[in-house]
There are 2 protein chains.
Amino acid sequence: MGTTIDLPLDQVLVGDCIAWLRHLPPASVHAIFADPPYNLQLKGTLRRPDDSLVDGVDDEWDRFPDLGAYDAFTREWLTECRRVLRKDGTIWVMGAYHNVFRLGSALQDLGYWILNDVIWRKSNPMPNFRGRRFTNAHETLVWAARGPESRYRFNYAAMKALNDDLQMRSDWLIPLCTGGERLRDDKGAKLHPTQKPEALLHRVILACTQPGDVVLDPFLGSGTTAAVAKRLGRRFIGLERDPTYAQAARARIDAVEPAPEDAAAALPSKREQKRIPFGTLVERGLVPPGAKLFDRQKRWEAVVGADGTLRCGRAQGSIHQVGAAVQDAPSCNGWIFWHLEGRDGRLRVLDELREAIAREE
Amino acid sequence: MGTTIDLPLDQVLVGDCIAWLRHLPPASVHAIFADPPYNLQLKGTLRRPDDSLVDGVDDEWDRFPDLGAYDAFTREWLTECRRVLRKDGTIWVMGAYHNVFRLGSALQDLGYWILNDVIWRKSNPMPNFRGRRFTNAHETLVWAARGPESRYRFNYAAMKALNDDLQMRSDWLIPLCTGGERLRDDKGAKLHPTQKPEALLHRVILACTQPGDVVLDPFLGSGTTAAVAKRLGRRFIGLERDPTYAQAARARIDAVEPAPEDAAAALPSKREQKRIPFGTLVERGLVPPGAKLFDRQKRWEAVVGADGTLRCGRAQGSIHQVGAAVQDAPSCNGWIFWHLEGRDGRLRVLDELREAIAREE
DNA sequence: TTAGGCTCTGAATCGCAGG
DNA sequence: ACCTGCGATTCAGAGCCTA
């Protein structure tokens, strides 16, 4: 175990990721994104129907002697990641059918708590040239908290907004990284065999971090994680073994222009907004003491007390308690249950009044 | 190890599947479909926002003391399945994130050779009621051969035909089993908590067997595998622990009319509708966070957030919501209201960008 | 007859701040 | 660390009823 160093923010560090991770202080990063070697087991070469050669992944870093060696490697870096992850941080690990079952099992064995598996559906996958299997049109991301009790961050409202006001699902349709986004060398060949699309990282980072948070990528590769983190106003730490990749990533990151601060923030969910006690509405005269509140169908009528309590028959208490009591329900959100009658006879839900106050403050 | 019996074709056998498997002759079935217990670990009760209770899976058969016990169980039945599987046969195993990584790892460890992982995308999944995760909108099927050298069957042309003459991809969009297909008891309650849709088994069986082949299901449950196998002119062997489920499955299977031998019983493939959320344009960099949008006359200017929301003065929300707010209109089609300014100063309506993406997918 | 509204339900590891 | 109580949270599809 080496000596601990200060958190090397916004840097690409060249070297073995496990060694680097051991130097980082514990519980120091908010999120980790890891796209480890897939342990692809290609046999021989693959040709398209027109006899052209498929440029598969056959790099040295993707070769392991057997599954046991791959498992040992996986457990080692995932162990160090868990140490470095903050108590309430989350990790994303991605893979394909060759390795993702090893990754998921290792996460569970090491004490992580899986929150979702997410499917990256490729809109433009490589076809299956031999016609011997289904077109491999997706990869899998596993999203996990450090443990079952983690109070992790999930920017629910932002994800919902990103999906036209429907809950974000666990299947994401995103094209492969091609065209101008793909890094290439002098000869126009792709620089990295598995460069991930920025759209994928955009969604990942936006889902589970806020501006200023630290995102670590132990297999930085072409630098997609760091580039998107910078653009979204997050800090990053990138680890990469190969100096050529690291250098290309640095150049790529340097060219990124961060988004304006207010654009990078995720839409705050209601939970994160400032709490307004119902009594405030009474104090400010928006709901005078003695006013009557109704549910939407006007089945019940309650009277407002000067202290912000409601009374409805025998039930007395907060807007939530009385709402729950009259419905005989275990709980109730009084803000959206109770309504005030306007002069025109129209019912206005309390939540509207609350939002008017929230905007003022 | 018990004595071997003749292959009990087209029967539902009641009892422990591992015990039954041990009695079956080796290398005797062409395909196996297994939907084992998922080992869900539900803690409390879950209510919908309207306070109704969610009927979760808390059956005794889904409870295991710990992951180790689940792994041991998994390895045991998968070992027997491999013995019973013909040399060139294939197996389908399905699960969700709770268990599928254990299943996939066990398959690999036992010598099976994974061919694909296939995603069952649910068109109508249950939402995430607490807003704490992504909507769990899929399950995973692992398709594997008995070993790396297996000369397995894959009905490439049938799958392609089933998919409007495009190669069948690894992500399948299929609705949940509901309505008339769902088995119910006298009181109208669902008979089995996890009955699978016949459309799913249709595709599975059609992909890897031919008429007359034997399909084994060690966790038959409500009998979907056997019913579809019979309809498609395949033989089946169903193992089921619970006599009630087995009895219901038998009745269901008896009612199935086999398709005519030459019938190309192809389900109409479902062309996917293309709904493009505005957030997609942001993620893909077509509209960067912080970009400014204008209405056609440039009366208003709004700023784009990283989550696809707009902000214009105090109004924040979707392109539609903010468009409506600034005009003080009840509603607004943001796609044709907002414009992006090009480098040449010309305004381009968002709808043009959306159509560019829709064409790609 | 039909259109529209209301109800019900589905493999679910489903709070959190403040005291 | 524990306890209290506020108050946040749902989509698609089938079935049924009413106008």
Side-chain angles (χ1 to χ4, degrees), chain A residues 88 108 112-117 144-145 147-154 156-157 160 163-170 269-279 297 308 317-321 323-324 329-338 350-351 354, chain B residues 35-59 61-64 67 94-100 120 122-140 173 175-182 184 188-190 192-197 219 221:
Chain A
D88 295 337
Q108 292 178 309
Y112 289 100
W113 191 247
I114 298 180
L115 300 169
N116 279 113
D117 58 335
E149 306 303 328
S150 246
R151 297 196 175 184
Y152 59 91
R153 163 167 290 271
F154 176 52
Y156 175 76
K160 191 169 171 177
N163 192 36
D164 266 5
D165 287 331
L166 286 179
Q167 285 193 341
M168 185 68 81
R169 296 171 39 119
S170 55
S269 66
K270 265 195 173 162
R271 274 197 192 93
E272 292 172 290
Q273 286 163 14
K274 191 169 169 192
R275 273 165 67 153
I276 312 270
F278 176 66
Q297 292 96 353
S318 72
I319 52 173
H320 316 293
Q321 288 166 343
S331 70
C332 168
N333 181 347
W335 290 108
I336 60 175
F337 180 75
W338 294 109
L350 290 185
D351 208 39
R354 174 171 65 161
Chain B
D35 181 25
Y38 281 17
N39 189 28
L40 298 186
Q41 294 149 61
L42 306 182
K43 285 174 180 158
T45 56
L46 179 64
R47 286 173 182 275
R48 298 188 177 80
D50 66 2
D51 272 328
S52 64
L53 210 56
V54 174
D55 181 18
V57 177
D58 59 352
D59 304 69
W61 51 257
D62 197 47
R63 285 198 286 268
F64 292 81
L67 263 186
M94 83 180 278
Y97 66 87
H98 317 79
N99 70 325
V100 75
W120 168 27
K122 303 177 185 183
S123 55
N124 50 350
M126 180 154 62
N128 185 293
F129 296 116
R130 305 306 293 267
R132 294 297 299 140
R133 303 179 176 200
F134 298 99
T135 304
N136 204 349
H138 75 276
E139 294 184 32
T140 301
L173 183 67
L176 293 173
C177 177
T178 59
E181 190 183 319
R182 189 97 199 200
R184 299 184 183 280
K190 58 188 174 193
H192 192 284
T194 71
Q195 184 179 343
K196 294 297 172 287
F219 305 97

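In the text below, chain A, chain B and the rest are named by the order of the sequence lines, each starting its count at 1.
One finds the NE2 atom of His138(B) at 8.0 Å from the CG atom of Asn116(A) (value rounded to the nearest 0.5 Å).
No side-chain heavy atom of Leu176(B) sits under 4.5 Å from any side-chain heavy atom of Arg182(B). Looking at heavy atoms from C-beta onward, Phe278(A) lies out of side-chain contact with Arg354(A) at the 4.5 angstrom threshold. By the 4.5 Å heavy-atom criterion applied to side chains, Thr140(B) and Met94(B) are not counted as neighbours. Residues Glu139(B) and Lys122(B) are in side-chain contact: their nearest non-hydrogen atoms beyond the backbone lie under 4.5 Å apart. You'll find the side chain of Gln41(B) stays beyond 4.5 Å of the side chain of Phe64(B), heavy atoms only. Under the 4.5 Å side-chain criterion, counting only non-hydrogen atoms from C-beta, Phe337(A) is not in contact with Ile319(A). Using a 4.5 Å heavy-atom cutoff, the side chains of Phe154(A) and Ser269(A) are not in contact. For the pair Met168(A)/Lys160(A), no side-chain contact is recorded, criterion being any heavy-atom separation below 4.5 Å from C-beta on.
In this structure, His192(B) and Trp61(B) have parallel ring planes: the angle between them is below the 30° cut-off, well short of the 60° mark.
Residue-level contact check: Arg130(B) touches the bases, meaning some heavy atom is under 4.0 Å from a base atom. Residue-level contact check: Lys160(A) touches the backbone only, with heavy atoms under 4.0 Å from sugar-phosphate atoms and none from bases. Within 4.0 Å of Ser318(A), counting heavy atoms only, lie sugar-phosphate atoms of the nucleic acid but no base atom. Across all strands, Asp51(B) comes closer than 4.0 Å to no nucleic acid atom at all (heavy-atom distances). Heavy atoms of Lys43(B) sit nowhere under 4.0 angstrom from any nucleic acid atom. If you check every strand for non-hydrogen atoms under 4.0 Å, Ile114(A) touches a base. Pro36(B) comes within 4.0 angstrom of a base, heavy atoms only. When heavy atoms are screened at a 4.0 angstrom cut-off, Gly44(B) is found touching base atoms of the nucleic acid. Among the heavy atoms of the strands lying under 4.0 Å from Asp62(B) is at least one base atom, whether or not backbone atoms are also near.
When the C1' atom is compared between dG15(D) and dA11(C), the two are found 23 Å apart, to the nearest whole Å. Comparing dA8(D) with dA12(C), their P atoms sit 25 Å apart, to the nearest whole Å. Nucleotides dC14(C) and dG18(C) have their C1' atoms positioned 22 Å apart, rounded to a whole Å.
Distance, Gln273(A) CD to dA17(C) C1': 15 Å, rounded to whole Å. Between Leu115(A) atom CG and dG15(C) atom P the separation is 12 Å, expressed in whole Å. Residue Trp120(B) contributes atom CH2, which lies 9 Å from atom C1' of dA11(C) at whole-angstrom precision. Atoms CG (Asn136(B)) and P (dC11(D)) sit 15 Å apart, rounded to a whole Å. Going from atom CE of Met94(B) over to atom C1' of dA11(C) covers 9 Å, rounded to whole Å. Protein atom CD of Gln195(B) is 9 Å distant from nucleotide atom P of dA11(C), rounded to whole Å. Met168(A) has its CE atom 15 Å from the C1' atom of dC11(D), to the nearest Å. Between Asp165(A) atom CG and dT9(D) atom P the separation is 12 Å, expressed in whole Å.
Across the interface with DNA chain C, nearest-nucleotide mapping of Trp61(B) and Gly131(B) shows Trp61(B) to be the residue nearer the 5′ end. Taking the nucleotide of DNA chain D with the nearest heavy atom to each of Thr135(B) and Asn333(A), the more 5' of the two is matched to Asn333(A).
DNA chain D forms stems at C:2-10 with D:11-19, C:15-19 with D:2-6, each a run of 3 or more consecutive Watson-Crick or G-U wobble pairs whose two key distances fall under 3.5 Å.
Residue His320(A) places at least one side-chain N or O under 4.0 Å from the OP1 or OP2 atom of dG7(D). Close to dT10(D), at under 4.0 Å from its OP1 or OP2, lies a side-chain N or O of Tyr156(A). The phosphate of dA8(D) (OP1 or OP2) has a side-chain N or O of Arg354(A) nearer than 4.0 angstrom. Between Arg275(A) and dG7(D) there is a side-chain polar atom (N or O) within less than 4.0 angstrom of OP1 or OP2.
Looking at the side chain of Gln321(A), the nearest of the listed nucleotides dC6(D), dA11(C), dA12(D) is dC6(D). Closest contact between the side chain of Arg132(B) and the listed nucleotides dA11(C), dA12(C), dC16(C) involves dC16(C). Nearest to the side-chain atoms of Arg133(B) among the listed nucleotides dG7(D), dC16(C), dC14(C) stands dC14(C).
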### Query
Please walk me through it: do Phe129(B) and Asp50(B) pass side chain to side chain contact (heavy atoms under 4.5 Å, CB included)?
CA-CA 10 Å; Phe129(B) 296 116; Asp50(B) 66 2; over 6 Å; no

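At a cut-off of 3.5 angstrom, the base of dA8(D) holds at least one donor-acceptor pair with the side chain of Ser331(A).
Geometrically, Arg130(B) does not engage Tyr156(A) in a cation-pi contact, judged by NZ or CZ lying under 6.0 Å from the ring centre and within 45° of the ring axis.
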### Query
What string of B, S and - do you get for nucleotides 3-10 of chain C, 5' to 3', when a contact is any protein heavy atom under 4.0 Å?
------BB

